[in-house]
Participant: 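There's a structure below that I have some questions on.
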Amino acid sequence: MYLEHFGLSEEPFNLTPAARFLYFTEAHGEALGHLLFGIRQRKGFIVLTGEVGAGKTTLARALLRELGPKYKTALILNPKLTETQLLRLILIELGVSDPKGDKLQLRETLNKYLLEQADLGNDVIVIIDESQDLCHEMLENVRLLSNLETESRKLLQIVLIGQPELRTALADSSLRQLRQRIGVYYHLEGMSEKEAVHYVEHRLKVAGASGWLLFDAEALRLVYDYTNGIPRQVNSVCDLSLLAAYARGQTRVDANAVRGAIEDLQGICA
């Protein structure tokens, strides 16, 4: 609606992840480095947590792009599954065609696959996003998958990605065996104010903004104060702020437009 008005070629703050809009903060770079270190050093369990919209799923996809052909990966985006369903989905993501059977048979199929990949010199990685949705029983079942090993090496590495509630779950005494196996842990914070400003500028530039800043300094300060630098929230506020400025016939987004966007968001969330 506002694209032509602001001279943009596409929506700069679309919530759907797109590689060309990717902006890595220092924290994102550190998080990716931790994930890669844990995988390359075969640390077993790796845990990444962060608030909703902090960029965890984006990091997971960046991780997949960084890993070479010697890594076979399964990315599970919705873990609200039974143990049997999870095993089947892991096998499908790893490229095993039409895996069948009960959970014992599926475990055997997975173990056979892991041994074959080990013989080829490949590492197998399972990344489970939204891991805070796994109940304690399912987290324990995931831990048991890590028992698949030879005399010299683990056959499977598991990356758990989730919201801060995952930390609470892992602190439970019933999961102490899983907790003891975590080799790498990183908590992803929101962007700094400076990074948030650069983030907004980056997305506008990719979307076609040329040579002039669409948000004034006070508007950007309000965006940061409301969102605490969480990328998804920044996107939501900036998108509605552009719409508010367009509706008022403004050529730049000012603080009043941002205040209007925040009021709209608070109304949606109420």
Side-chain angles (χ1 to χ4, degrees), residues 1-29 31-32 48 50-65 75 77-78 129-130 161-164 188-270:
M1 183 181 294
Y2 55 68
L3 297 185
E4 184 176 352
H5 178 77
F6 290 112
L8 301 171
S9 58
E10 59 184 314
E11 294 183 12
F13 300 106
N14 197 314
L15 295 180
T16 303
R20 64 188 177 281
F21 283 102
L22 182 63
Y23 177 84
F24 256 31
T25 67
E26 182 177 348
H28 286 95
L32 181 59
L48 171 69
E51 292 292 343
V52 177
K56 301 182 299 296
T57 302
T58 301
L59 266 174
R61 297 191 184 281
L63 175 65
L64 293 176
R65 290 193 295 271
L75 175 59
L77 295 174
N78 180 11
D129 200 3
E130 303 294 348
I161 299 176
Q163 296 167 24
L188 185 63
E189 303 284 355
M191 297 180 284
S192 69
E193 184 171 359
K194 182 177 180 180
E195 287 173 331
V197 170
H198 289 166
Y199 173 83
V200 172
E201 292 176 344
H202 167 74
R203 295 190 71 103
L204 287 168
K205 183 177 180 181
V206 172
S210 56
W212 53 288
L213 186 61
L214 290 182
F215 286 70
D216 68 29
E218 187 179 357
L220 289 170
R221 192 173 303 112
L222 283 175
V223 169
Y224 180 76
D225 288 344
Y226 179 74
T227 64
N228 293 314
I230 300 298
R232 188 183 301 167
Q233 294 184 32
V234 172
N235 286 356
S236 296
V237 173
C238 287
D239 183 58
L240 287 176
S241 297
L242 284 168
L243 182 59
Y246 163 75
R248 299 172 186 184
Q250 300 172 197
T251 57
R252 295 186 75 195
V253 176
D254 61 11
N256 287 330
V258 175
R259 291 189 187 98
I262 291 171
E263 289 175 3
D264 288 344
L265 281 173
Q266 291 175 333
I268 292 171
C269 298

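Bear in mind that the values here come from a model prediction, so they are computed numbers and not experimental data. For the single chain, residues carry numbers from 1 onward in sequence order.
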Participant: Who pairs with E10 by side-chain hydrogen bond (donor to acceptor under 3.5 Å, both in side chains), at least two apart in sequence or on another chain?
Facilitator: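 For E10, the residues satisfying side-chain hydrogen bond (donor to acceptor under 3.5 Å, both in side chains) (neighbours in sequence not counted) are R20.
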
Participant: Say you draw a straight line from CG of L242 to CG of L8; how long is it, rounded to the nearest 0.5 Å?
Facilitator: 7.0 Å

Participant: How close do L3 and P12 get, counting heavy atoms only, and between which atoms?
Facilitator: CD2-CD, 4.5 Å

Participant: Does the side chain of M191 come within less than 4.5 Å of V234's, by heavy atoms?
Facilitator: yes

Participant: Flag the pair V237 / V258 as yes when at least one side-chain heavy-atom distance between them is below 4.5 Å, and no otherwise.
Facilitator: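 In contact.
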
Participant: Tell me every residue that passes side-chain contact (heavy atoms from CB on, under 4.5 Å) with E193, counting only those two or more places apart in sequence or in another chain.
Facilitator: R221, Y224

Participant: Show, in sequence, the C-alpha distance, side-chain angles and deciding distance for E218 and R259, and conclude whether the salt bridge (charged side-chain N to carboxylate O under 4.0 Å, His left out) test is met.
Facilitator: CA-CA 11 Å; E218 187 179 357; R259 291 189 187 98; 3.5 Å; yes

Participant: Side chain to side chain contact (heavy atoms under 4.5 Å, CB included) between Y23 and V200: does it pass, once the steps are laid out?
Facilitator: CA-CA 10 Å; Y23 177 84; V200 172; over 6 Å; no

Participant: Specify the closest pair of heavy atoms between D239 and Y2, including all atoms of both residues, with the distance to one decimal.
Facilitator: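 Closest pair (atom of D239, atom of Y2, distance): OD1-OH, 2.5 Å.
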
Participant: S236: which residues meet the side-chain hydrogen bond (donor to acceptor under 3.5 Å, both in side chains) condition with it, sequence neighbours left out?
Facilitator: none

Participant: Working to the nearest 0.5 angstrom, can you tell me the gap between L214 CG and D254 CG?
Facilitator: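 Reported value, rounded in 0.5 Å steps: 12.0 Å.
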
Participant: For a quick test of reading the model, state the closest non-hydrogen atom pair linking N14 to N235 and the distance between them.
Facilitator: O-ND2, 3.8 Å

Participant: Check the pair E130, L77 against side chain to side chain contact (heavy atoms under 4.5 Å, CB included), reporting the backbone distance first and the verdict last.
Facilitator: CA-CA 7 Å; E130 303 294 348; L77 295 174; over 6 Å; no

Participant: Measure the spacing between CG of N256 and OG of S241 and express it to the nearest 0.5 Å.
Facilitator: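 Going from CG on N256 over to OG on S241, the span is 11.0 Å.
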
Participant: For A255 and A219, which heavy atoms make the closest approach, and how far apart are they?
Facilitator: N-CB, 4.0 Å

Participant: For L75 and R61, which heavy atoms make the closest approach, and how far apart are they?
Facilitator: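 Reported closest heavy-atom pair: CD2-NH1, 4.0 Å.
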
Participant: Measure across A245 and F6 and return the closest heavy-atom pair with its distance rounded to 0.1 Å.
Facilitator: CB-CZ, 3.9 Å

Participant: Does the side chain of E51 reach to within under 4.5 Å of the side chain of K56, using non-hydrogen atoms?
Facilitator: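 E51 does not reach K56 side chain to side chain.
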
Participant: Quick one: pull up CG in L222 and CG in D216 and give me the separation to the nearest 0.5 Å.
Facilitator: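 Going from the CG atom of L222 to the CG atom of D216 covers 9.0 Å.
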
Participant: Report the distance from atom CG of L204 to atom CZ of F21, rounding to the nearest 0.5 Å.
Facilitator: 9.0 Å

Participant: Are any of the side-chain heavy atoms of L32 and F24 separated by less than 4.5 Å?
Facilitator: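 A side-chain contact exists here, since the closest heavy-atom pair is under 4.5 Å.
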
Participant: Are L22 and H28 packed together at the side-chain level, in the sense that at least one heavy-atom pair is separated by less than 4.5 angstrom?
Facilitator: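 SC-SC contact between L22 and H28 ruled out.
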
Participant: Under 4.5 Å between any side-chain heavy atoms of Q233 and L265, yes or no?
Facilitator: no

Participant: Do I161 and L59 have side chains that approach each other closer than 4.5 Å (heavy atoms only, starting at C-beta)?
Facilitator: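 In short, these two side chains do not touch, never coming nearer than 4.5 Å.
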
Participant: Backbone N or O of L15 within a donor-acceptor pair of the R232 side chain at under 3.5 Å?
Facilitator: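 Flag not set: sc R232 to bb L15 has no pair under 3.5 Å.
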
Participant: Are the side chains of H198 and E195 in touch, meaning some heavy atoms are under 4.5 Å apart?
Facilitator: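 No; the side chains remain at least 4.5 Å from each other.
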
Participant: I need the D129 CG to Q163 CD distance, nearest 0.5 Å.
Facilitator: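 That separation rounds to 9.0 Å.
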
Participant: Describe, in one word, how the ring planes of F215 and F13 are oriented to each other, choosing from parallel (under 30°), tilted (30 to 60°) and perpendicular (over 60°).
Facilitator: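 If you compare the ring of F215 with that of F13, the planes turn out perpendicular.
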
Participant: Could you walk me through whether T25 and E189 pass the side chain to side chain contact (heavy atoms under 4.5 Å, CB included) test, one step at a time?
Facilitator: CA-CA 10 Å; T25 67; E189 303 284 355; over 6 Å; no

